[in-house]
Q: 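Before I ask anything, let me first share the structure, which is written out below as structure tokens.
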Amino acid sequence: MHKKAHLCVYLRIMNIEDTLTQHIKNALQTLFGLQDATITLQSTLKDFEGSHTLLLFPYLKPLQKKPEEIGQAIGDYLVGKAGVVGKYNVVKGFLNLSLTQEAWFASFEAMRQNPTFGNLPARPQKVMVEFSSPNTNKPLHLGHLRNIFLGWSLSQILEACGYEVIKANLINDRGIHICKSMLAYQKAGKPETPASSGIKGDHLVGKYYVAFDKALKQELAPMMREVLENQRLDIFTEAEKITLQNALKKIEDLKKPFAQAFAEITLVEFENLAPEILEKAKETLQTQKGFKALSKDLEKGELAKKIKNLASLEAKTEEEIGNIKEIVQAKTVLMQEAQKMLQDWEAGKAEVIELWKEMNGWVFEGFKQSYDKIGVRFDKIYYESNTYQLGKDIAQEGLEKGIFGKEPNGAVSIDLTAEGLDKKVVQRGDGTSVYITQDMGTADLKFQDFGIDKSVYVVGNEQDYHFKVLFSIMKKLGRSYGEGMYHLSYGMVELPHGKMKSREGTVVDADDLVTEMERIAEEKTKELGKMENLPAEELAKLYETIALGALKYFLLKVEPKKTMLFNPEESVNFHGDAAPFVQYNYARIQSILRKAEQDQVQYGQASYANYKTMHASEADLIAILLTLPAKVQEAGEQYAPSVIAQYSYEVAKGYSRFFADCSIFKADTAEARSFRVALSAQTGYTLKFVLRLLGIKTPERM
RNA sequence: GGUCCCGUAGCUCAGCUGGAUAGAGCAACAGAUUUCUAAUCUGUCGGUCAUUGGUUCGAAUCCAAUCGGGAUCACCA
């Protein structure tokens, strides 16, 4: 009872912003009779004295007074009344407030007393976060890692925000992609297994996927030549012929403007350029390919314009060739065999199912190892082989409700043009599912399974449109969770030379990357030579903690929707704005706490009750620590782990500065020493808290 | 072509519910350790916030147009 009342007092003082806001409201009303004025508080810029700044601009007009006048009046009121504000200064339209030492101590104490500081009150809502959702034909790569880390971190953040969170993974274990791997495996004719080959299951299956692709290319090349050069179309249906002829005509039509534009270019024009660009240009001119890449290297000007024009013509031609390829590819023996296998799978043909189960089993085992390694697990795993037929009843339901309509051939569709979207088919004319059919069904399944209020999808931004449509449909159908659907859309991770392309072997494999990061972590640790006394087992754990931390932080600190660049040579830093720096500060704090224990330094409130002269970096650090709940809330509301990542760096930097400015065990007074240990402990709590939200571990020493 | 996203320092990124002199890290340069972890701290250098116009007391931030980059526009997934 007593304890509870005690806590309430603290909680009231704790939120300085709320307290200040309330006092300022009172001031405005008492002094000027202003009701319900908007109050904008922001943190004070470095160069000015104070910690909180009130913007006075909004009051200038209604009060018809100068900002200095208003600022002084409010400032005087606050200093007189509140006991929170010690002094103030007014600069132009800004009222800078300095808090009293008592206010800092009181808020610090409140924070310390709250063992779950940073967690928001529980709310009776369930949210499912679906992430990872891999295909089972190849191993995880860097792009998947961005997805997985985002999903995991968001789950932790939402839990801290008080939601009950279900982490779900929807594995795409069926379809043409896995049939390709299966077919290649079958054809290879030797009974290779992960055990026999020593290759991790997902990598082994990926190997056969690549093999299929290679064989397909070989088969396709002469066929494409037949079509493109000899225009022989006898193997195609009439409808296909028409499409192909159209495409061929377009390509033909593009040739003349291309040749014309090409003729206008002379090598002389390139001669002023850097030698490496000249080299590139020569090659491009010779092969008449790669104009797009070349145009990126050029400065603005006449020449760049010409090259750009060529690049655009080249792209159009390539697009047409792509269209042709799609049709021709379907005629290859390999693709037809793969399609046949898919049909057999759907028909439940025993030997196909058996092989499918075996190979998927290998992949799942491989994925499990990867997930374990990066510290990720799921509460629920869905398999698309179980869900891909779902959603047909919803198509029916939509028809009955008049939300969907029928096409002449029986396809079910929805017209979303009123919302700026298009018409979308949700079920084929033959009654079978399309992609969105199963997503509708799965959305309902998730609700049936867990009674969720919100549903988050961590999926790449190439599916932005798809989710707009899906969410719109589920809302129209009146689903209770419809308003709570959110697409956490993230951008691609690009490499210095451009996109990752599995076919060109420029994919950064997730397992390889983690291993490489651990190697670097080991190298850096050894360079520093501080950890030589640690047993090998603990060292290995430390390397893993640092390596994964660096990688996760690197991928999480950037706003999700932005395309980001990954440069293997230099991207994942261990210094500055990076996880190892944050972890390092945590480790330092643990070292301090160990020493405090050893020296039997008390650091309860009583031990520093008489400490009065706080250093500026101590107050700054408290101010940073106090914003934890606000940061958690912001990150949750915006679905933005980047907010937490940036905050973790802010905390670490604040501590690092404090550490440099204030000696702890050699402090002038015992009070100062105790307080600084307490401040370190609270910082340690905060660092651990936020790093956990990012899925990053904290080392006890490093 | 329609729609959506992005464009901030040499590089990678913050800031974008409008507020002071646009911030960090990396890189470069100059300092700091008889001291609790230097994977650190302090400082210097570095910017027409893509461009133009508009709204406003005030715009990197909101609106419009333009230019660049990307994505997407299937009865594919």
Side-chain angles (χ1 to χ4, degrees), chain A residues 40 42 44-48 53 55-58 60-61 91-94 96 135 172 174-177 296 300 308 326 384 388 407 409-413 420-422 424-439 460-466 468 489 491-492 494 499 521 524-525 527-528 530-531 546 550 554 557-559 561-567 570-571 573-578 580-585 587-596 599 642-643 645-646 649-650 652-653 656-667 673 676-677 680 701-702:
Chain A
T40 316
Q42 55 187 41
T44 308
L45 292 192
K46 260 194 279 178
D47 303 348
F48 298 90
T53 294
L55 299 191
L56 302 171
F57 300 101
L60 302 188
K61 241 182 205 168
V91 183
K92 291 191 261 181
F94 302 90
N96 300 320
N135 288 354
N172 187 358
R174 55 139 246 129
I176 193 71
H177 60 84
K296 279 184 185 172
K300 271 187 186 168
K308 229 187 124 182
E326 223 168 277
E384 209 177 286
Y388 81 107
E407 298 297 307
N409 68 353
V412 182
S413 70
L421 303 170
D422 274 325
K424 179 81 187 172
V425 168
V426 298
Q427 188 176 49
R428 287 199 196 97
D430 62 8
T432 55
S433 298
V434 292
Y435 180 41
I436 201 155
T437 321
Q438 48 173 299
D439 263 3
N461 62 5
E462 67 273 11
Q463 295 201 35
D464 284 355
Y465 183 76
H466 171 76
K468 271 187 191 164
S489 166
M492 253 180 289
E494 288 186 350
K499 282 185 208 168
K524 302 234 175 194
T525 306
E527 264 171 37
L528 292 169
K530 298 191 287 191
M531 296 292 127
I546 295 171
F554 177 78
K557 74 167 176 175
V558 180
E559 206 182 332
K561 70 177 172 186
K562 286 198 176 173
T563 304
M564 64 186 295
L565 184 86
F566 181 83
N567 186 339
E570 59 199 45
S571 267
N573 216 312
F574 286 69
H575 299 275
D577 187 5
F581 171 66
V582 183
Q583 292 170 318
Y584 169 67
N585 278 286
R588 268 166 149 183
I589 289 168
Q590 299 320 299
S591 168
I592 296 286
L593 296 179
R594 281 192 297 269
K595 189 169 165 58
D599 298 357
S642 58
V643 169
Q646 274 143 32
Y649 178 62
E650 210 182 307
K653 212 163 49 161
S656 214
R657 171 175 273 174
F658 154 77
F659 191 86
D661 287 348
C662 304
S663 190
I664 296 172
F665 293 107
K666 300 235 164 75
R673 183 182 60 183
R676 285 168 187 171
V677 174
S680 297
R701 49 190 102 223
M702 71 183 273

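Computation of the quantities below employed the complete heavy-atom set of this structure, encompassing side-chain atoms and omitting hydrogens, waters and symmetry-equivalent molecules. So that the names make sense, note that chain A is the first sequence line, chain B the second, and so on, each numbered from 1.
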Q: NA contact type, A/T525, heavy-atom cut-off 4.0 Å: base, sugar-phosphate, or nothing?
A: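 Base contact - A/T525 has a heavy atom under 4.0 Å of at least one base atom.
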
Q: What residues, two or more places apart in sequence or in another chain, satisfy side-chain hydrogen bond (donor to acceptor under 3.5 Å, both in side chains) together with A/E559?
A: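 Counting only residues at least two positions away or on another chain, A/E559 forms no side-chain hydrogen bond (donor to acceptor under 3.5 Å, both in side chains).
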
Q: Pairs under 3.5 angstrom, nitrogen or oxygen only, protein versus nucleotides 74-76 of chain B, please.
A:
residue: B/C75; atom: O3'; partner: A/R428; partner atom: NE; Å: 3.1
residue: B/C75; atom: O2; partner: A/G429; partner atom: N; Å: 2.8
residue: B/C75; atom: N3; partner: A/N409; partner atom: OD1; Å: 3.4
residue: B/C75; atom: N3; partner: A/N409; partner atom: ND2; Å: 2.6
residue: B/C75; atom: N4; partner: A/N409; partner atom: OD1; Å: 2.7
residue: B/C75; atom: N4; partner: A/N409; partner atom: ND2; Å: 2.5
residue: B/C76; atom: OP2; partner: A/R428; partner atom: NE; Å: 2.0
residue: B/C76; atom: OP2; partner: A/R428; partner atom: NH2; Å: 2.2

Q: Given atom CG of A/N585 and atom C1' of B/U37, what is their separation to the nearest angstrom?
A: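 In whole Å, B/U37 C1' and A/N585 CG are 10 Å from each other.
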
Q: Can A/F574 be called stacked on B/A39 when the rule is centres closer than 5.5 Å and an angle between planes below 30°?
A: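 Not stacked by the 5.5 Å and 30° rule.
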
Q: Could you tell me the separation between the CG atom of A/D422 and the P atom of B/G1, rounded to a whole number of Å?
A: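 So the two atoms are 17 Å apart, to the nearest Å.
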
Q: Looking at A/H177, does any N or O in its side chain come under 4.0 Å of the phosphate oxygens OP1/OP2 on B/A77?
A: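 No.
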
Q: Need one value for A/N96: base, sugar-phosphate or nothing, where a base atom within 4.0 Å counts as base even if backbone is also close, heavy atoms only.
A: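 Touches a base.
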
Q: At under 4.0 Å between heavy atoms, what does A/F581 touch on the DNA or RNA strands: base, sugar-phosphate, or nothing?
A: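 The residue A/F581 makes sugar-phosphate contact but no base contact.
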
Q: Select base, sugar-phosphate, or nothing to describe what A/R701 touches, counting heavy atoms under 4.0 Å on all strands.
A: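 It contacts base atoms.
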
Q: Could you work out, with side-chain contact (heavy atoms from CB on, under 4.5 Å) as the rule, every residue matching A/N567, not counting sequence neighbours?
A: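 A/N567: side-chain contact (heavy atoms from CB on, under 4.5 Å) contacts with A/P496, A/E569, A/E570, A/S571.
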
Q: Between A/Q463 and A/M531, who's closer to the 5' end of RNA chain B by nearest nucleotide?
A: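 By nearest-heavy-atom nucleotide position, the 5'-most residue is A/M531.
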
Q: What nucleic acid atoms does A/K92 come within less than 4.0 Å of, heavy atoms only: base, sugar-phosphate, or nothing?
A: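 Sugar-phosphate, no base atom in range.
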
Q: Determine, for nucleotides 29-35 of chain B in 5'-to-3' order, which nucleotides have protein heavy atoms under 4.0 Å from the base (write B), from only the sugar-phosphate (write S), or from neither (write -).
A: ------S

Q: Please name all residues satisfying side-chain hydrogen bond (donor to acceptor under 3.5 Å, both in side chains) with A/T432, sequence neighbours left out, ordered by chain then number.
A: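 Partners of A/T432 by the side-chain hydrogen bond (donor to acceptor under 3.5 Å, both in side chains) criterion, ordered by chain and then number, come out as A/R428, A/D430.
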
Q: What is the per-nucleotide protein-contact pattern of nucleotides 3-16 of chain B, from the 5' end, where B denotes a base atom under 4.0 Å from a protein heavy atom, S denotes such proximity for sugar-phosphate atoms only, and - denotes neither?
A: -SSSS----SSSSB

Q: Sequence neighbours excluded, which residues qualify as side-chain hydrogen bond (donor to acceptor under 3.5 Å, both in side chains) partners of A/Y584?
A: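 With neighbours one apart ignored, the set is A/R588.
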
Q: Heavy-atom nearest nucleotide on RNA chain B for A/V91 versus A/I436: which residue maps closer to 5'?
A: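 So the residue in question is A/V91.
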
Q: Applying ring pair (Phe, Tyr, Trp, His ring centres under 6.0 Å), name anything that partners A/H466, two or more places apart in sequence or on another chain.
A: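 With sequence neighbours excluded, A/H466 shows a ring pair (Phe, Tyr, Trp, His ring centres under 6.0 Å) to A/Y435, given in chain and number order.
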
Q: Rounding to an integer number of Å, can you tell me how far A/Q583 CD sits from B/U37 P?
A: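 These atoms are roughly 18 Å apart.
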
Q: Which residues pass the side-chain hydrogen bond (donor to acceptor under 3.5 Å, both in side chains) test with A/N96, not counting sequence neighbours?
A: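 Applying side-chain hydrogen bond (donor to acceptor under 3.5 Å, both in side chains) to A/N96 gives A/T53, A/N89.
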
Q: Just checking A/A587: base, sugar-phosphate only, or nothing, at a heavy-atom cut-off of under 4.0 Å?
A: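 If one applies the 4.0 Å heavy-atom cut-off, A/A587 turns out to touch a base.
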
Q: Need one value for A/S489: base, sugar-phosphate or nothing, where a base atom within 4.0 Å counts as base even if backbone is also close, heavy atoms only.
A: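 Touches nothing.
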
Q: Please convert RNA chain B into dot-bracket. A pair counts if it is Watson-Crick or G-U wobble with both distances under 3.5 Å; crossing pairs go in [ ] and bases paired with another strand get |.
A: (((((((..((((.....[...)))).(((((.......))))).....(((((..]....))))))))))))....

Q: Enumerate all atom pairs, one protein N or O and one N or O from nucleotides 57-62 of chain B, separated by less than 3.5 Å.
A:
residue: B/C57; atom: OP1; partner: A/K61; partner atom: NZ; Å: 3.3

Q: Starting from P on B/A24, measure out to CG on A/L45 and report it in whole angstrom.
A: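 Value for this atom pair: 11 Å.
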
Q: In whole Å, what is the span from the CD atom of A/Q42 to the C1' atom of B/G19?
A: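 So the two atoms are 6 Å apart, to the nearest Å.
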
Q: Below 3.5 Å between N/O atoms, which protein atoms pair up with nucleotides 42-44 of chain B? Just atom names and distances, please.
A:
residue: B/U42; atom: OP1; partner: A/R657; partner atom: NE; Å: 2.8
residue: B/U42; atom: OP1; partner: A/R657; partner atom: NH2; Å: 2.6

Q: Can you check the A/K653 NZ to B/A39 P distance for me, whole Å?
A: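 That distance rounds to 19 Å.
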
Q: Would you say B/A38 has OP1 or OP2 under 4.0 Å from some side-chain N or O of A/R588?
A: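 Yes.
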
